[in-house]
Amino acid sequence: MLAEFDLPKNIVDREVKKMTMISPTNKEVQIGQTLKDHEYIGMVRREVLDDFLRNRAAENGAQLINGLFLGMQLPQKTGESYVLTYNDYNSAEGASRTGEKKTLEVDVVIGADGANSRVAKDIGAGDYEYAIAFQERMRIPDDKMEYYKDRAEMYVGEDVSPDFYAWVFPKCDHVAVGTGTVIDKKGIQRYQQGIRDRAAPRIAGGEVLRVEAHPIPEHPRPRRVNNRAALIGDAAGYVTKCSGEGIYFAAKSGRMCAERILINSEYGTRMIDEHDLKQHIREWDAKYGATYLVLDLLQKVFYTTDAQRESFVELCEEEYVQRVTFDSYLYKTVQGNNPIGDLKLGWQTLASLWKNENKVPDEMRTLV
């Protein structure tokens, strides 16, 4: 994303080159040995990234409005405008809290307003299943922060999530400790306590700076285009299974949609229609559809029982798995791999699943 979207490295808090996978019994597997010297996973704070992107957009001619989108009136005839209603917080006449209600007429609407998208509701895009992600930003003692300076941790186990993973990710001067779940949203506080307990030897003495919770879409919405309105990013449901990552796909879908509008409108000289926006959807699905399907399958295979999660962590010891995992994560596609390696991995997966499903679980290990 840094290279493709020409982002400066100074917005990156941490360059993660090591990742520790931790099983339900606290078996630790260190992955990252296949990374090249220039490769890393960038850790950023959304408030920093978003501010940079917003300011750059303004420098390039975008009109920024500090406001709250309330809803829109759909066109009733061909060629009619959309009429957006919003509270403008920059208005001199409006109160600082409520703003001034205003309207705006536009030809095309791109709903980039997140998982709880109001644009999606207005265009009848339909609902989708979602996960709830919860995390605490925590400042930990310097000696413990040193351990996380270029390392991220992923924990799996029924105690931290019944269908996802928990994490400790490094930020600028603190760590983000969190978890997520689809099937037991009401239990999110219990799972958050679970990751606090599991990671306790490494985050003890931490001070909670900020608590965050967000919905994470589990699959694309039933309808992503209606007339001259389209959805992108979380509003469309573009989040990958297994990793739960969505920021790259939000940026990429926004760019692809904008480029298609520019081309098909002949750079603003003709009005586009639903066919033009559906062309973007077809291009998106062709490029990333397989990636979403494969990661969905992997989540169902490895995130259901603790025995399966033990197998998942075991397999991460394999160099081939590490290479495929990091390549897919860094470059956002299911990488083409050699058939012999794939066959070997398939056999190892079946053997590991059978072994862990049919043996007495190992005793819980203590994290150092």
Side-chain angles (χ1 to χ4, degrees), residues 13-14 16 18-29 43 45-46 115-116 129-149 151-218 239 241-246 299-300 302-313 316 356 361-368:
D13 289 334
R14 299 280 176 174
V16 169
K18 304 171 188 174
M19 185 168 286
T20 304
M21 307 295 298
I22 302 174
S23 80
T25 58
N26 276 348
K27 176 179 180 177
E28 299 184 60
V29 171
M43 293 290 171
R45 286 164 291 162
R46 283 295 304 275
N116 293 323
E129 184 60 273
Y130 66 93
I132 187 74
F134 185 98
Q135 73 173 13
E136 296 168 307
R137 295 207 198 173
M138 189 179 298
R139 180 171 287 121
I140 58 177
D142 291 344
D143 60 326
K144 290 181 167 59
M145 194 67 213
E146 179 67 18
Y147 172 77
Y148 288 110
K149 67 179 181 181
R151 180 189 304 276
E153 289 183 328
M154 295 174 62
Y155 293 74
V156 290
E158 197 70 29
D159 58 329
V160 297
S161 175
D163 56 344
F164 203 55
Y165 68 89
W167 61 86
V168 180
F169 290 161
K171 300 295 182 180
C172 59
D173 58 354
H174 60 277
V175 293
V177 181
T179 184
T181 178
V182 176
I183 64 175
D184 187 14
K185 300 178 184 68
K186 292 182 179 179
I188 191 67
Q189 293 283 0
R190 183 171 73 256
Y191 300 124
Q192 181 66 13
Q193 187 59 50
I195 179 56
R196 275 172 157 265
D197 293 342
R198 285 275 294 279
R202 293 171 182 170
I203 63 172
E207 172 195 1
V208 175
L209 306 174
R210 183 173 174 179
V211 177
E212 300 166 321
H214 300 283
I216 300 179
E218 280 292 289
V239 175
K241 295 291 187 75
C242 285
S243 69
E245 190 212 354
Q299 182 165 351
K300 290 175 180 174
F302 290 116
Y303 282 12
T304 305
T305 69
D306 275 353
Q308 292 169 335
R309 297 178 186 110
E310 289 287 348
S311 293
F312 173 62
V313 174
C316 286
N356 285 309
D362 295 337
E363 291 186 5
M364 187 62 126
R365 300 166 177 85
T366 301
L367 294 181
V368 296

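Everything numeric here is computed off the predicted structure, so don't read it as measured data.
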For the student: nearest non-hydrogen atoms of [X] and [Y], plus distance:
{"X": "A176", "Y": "K171", "answer": "CB-CE, 4.1 Å"}
{"X": "N116", "Y": "P215", "answer": "ND2-CG, 3.8 Å"}
{"X": "G244", "Y": "I216", "answer": "O-CG2, 4.4 Å"}
{"X": "A199", "Y": "L367", "answer": "CA-CD1, 4.4 Å"}
{"X": "W167", "Y": "G180", "answer": "CZ3-N, 4.0 Å"}
{"X": "R309", "Y": "P162", "answer": "NH2-O, 2.7 Å"}

Is it true that [X] and [Y] make a salt bridge, defined as a side-chain N closer than 4.0 Å to a carboxylate O?
{"X": "D362", "Y": "K27", "result": "no"}
{"X": "E28", "Y": "R202", "result": "yes"}
{"X": "E153", "Y": "R151", "result": "no"}

Got [X] and [Y] here, is their nearest side-chain heavy-atom distance under 4.5 Å?
{"X": "F134", "Y": "H214", "value": "no"}
{"X": "R210", "Y": "M138", "value": "no"}
{"X": "Q135", "Y": "F169", "value": "no"}
{"X": "V177", "Y": "I195", "value": "yes"}
{"X": "E218", "Y": "V239", "value": "no"}
{"X": "P170", "Y": "D13", "value": "no"}
{"X": "I188", "Y": "T181", "value": "yes"}

As an exercise, state the distance from [atom1] of [X] to [atom2] of [Y], rounded to the nearest 0.5 Å.
{"X": "T179", "Y": "R190", "atom1": "OG1", "atom2": "CZ", "answer": "11.0 Å"}
{"X": "Y148", "Y": "I203", "atom1": "OH", "atom2": "CD1", "answer": "6.5 Å"}
{"X": "R14", "Y": "C172", "atom1": "CZ", "atom2": "SG", "answer": "7.5 Å"}
{"X": "Y303", "Y": "S161", "atom1": "OH", "atom2": "OG", "answer": "9.0 Å"}

Under 3.5 Å, is there a donor-acceptor pair between the side chain of [X] and the main chain of [Y]?
{"X": "R137", "Y": "L209", "result": "no"}
{"X": "Q308", "Y": "T304", "result": "yes"}
{"X": "D163", "Y": "I183", "result": "yes"}

Can you name the one residue among E212, H174, R196 that meets side-chain contact (heavy atoms from CB on, under 4.5 Å) with E136?
R196
For R198, check salt bridge (Lys or Arg N to Asp or Glu O under 4.0 Å) against everything at least two apart and list the hits.
D159
Applying salt bridge (Lys or Arg N to Asp or Glu O under 4.0 Å), can you list everything that pairs with E146, at least two apart in sequence or on another chain?
K149
Candidate pair Y165 and V160, rule side chain to side chain contact (heavy atoms under 4.5 Å, CB included), full reasoning
CA-CA 7 Å; Y165 68 89; V160 297; over 6 Å; no
Begin with the C-alpha distance, continue with both residues' side-chain angles, and end with the deciding distance and a verdict on side chain to side chain contact (heavy atoms under 4.5 Å, CB included) for I22 and V156.
CA-CA 6 Å; I22 302 174; V156 290; over 6 Å; no
The test is side chain to side chain contact (heavy atoms under 4.5 Å, CB included); show your working for Y155 and V168 and say whether it passes.
CA-CA 8 Å; Y155 293 74; V168 180; 4.0 Å; yes
Verify the neighbour count for atom [atom1] of [X]: are there more than 12 heavy atoms of other residues, nucleotides or ligands below 6.0 Å?
{"X": "D143", "atom1": "CG", "result": "yes"}
{"X": "K18", "atom1": "NZ", "result": "no"}
{"X": "E129", "atom1": "CD", "result": "yes"}

Compute both the distance and the angle, then confirm whether K185 meets the cation-pi test with Y130: under 6.0 Å from the six-membered ring centre, within 45 degrees of the axis.
yes
Would you say the rings of Y191 and F164 are close, in the sense that their centroids are separated by under 6.0 Å?
no
For E310 and T25, does a side-chain donor sit closer than 3.5 Å to a side-chain acceptor?
yes
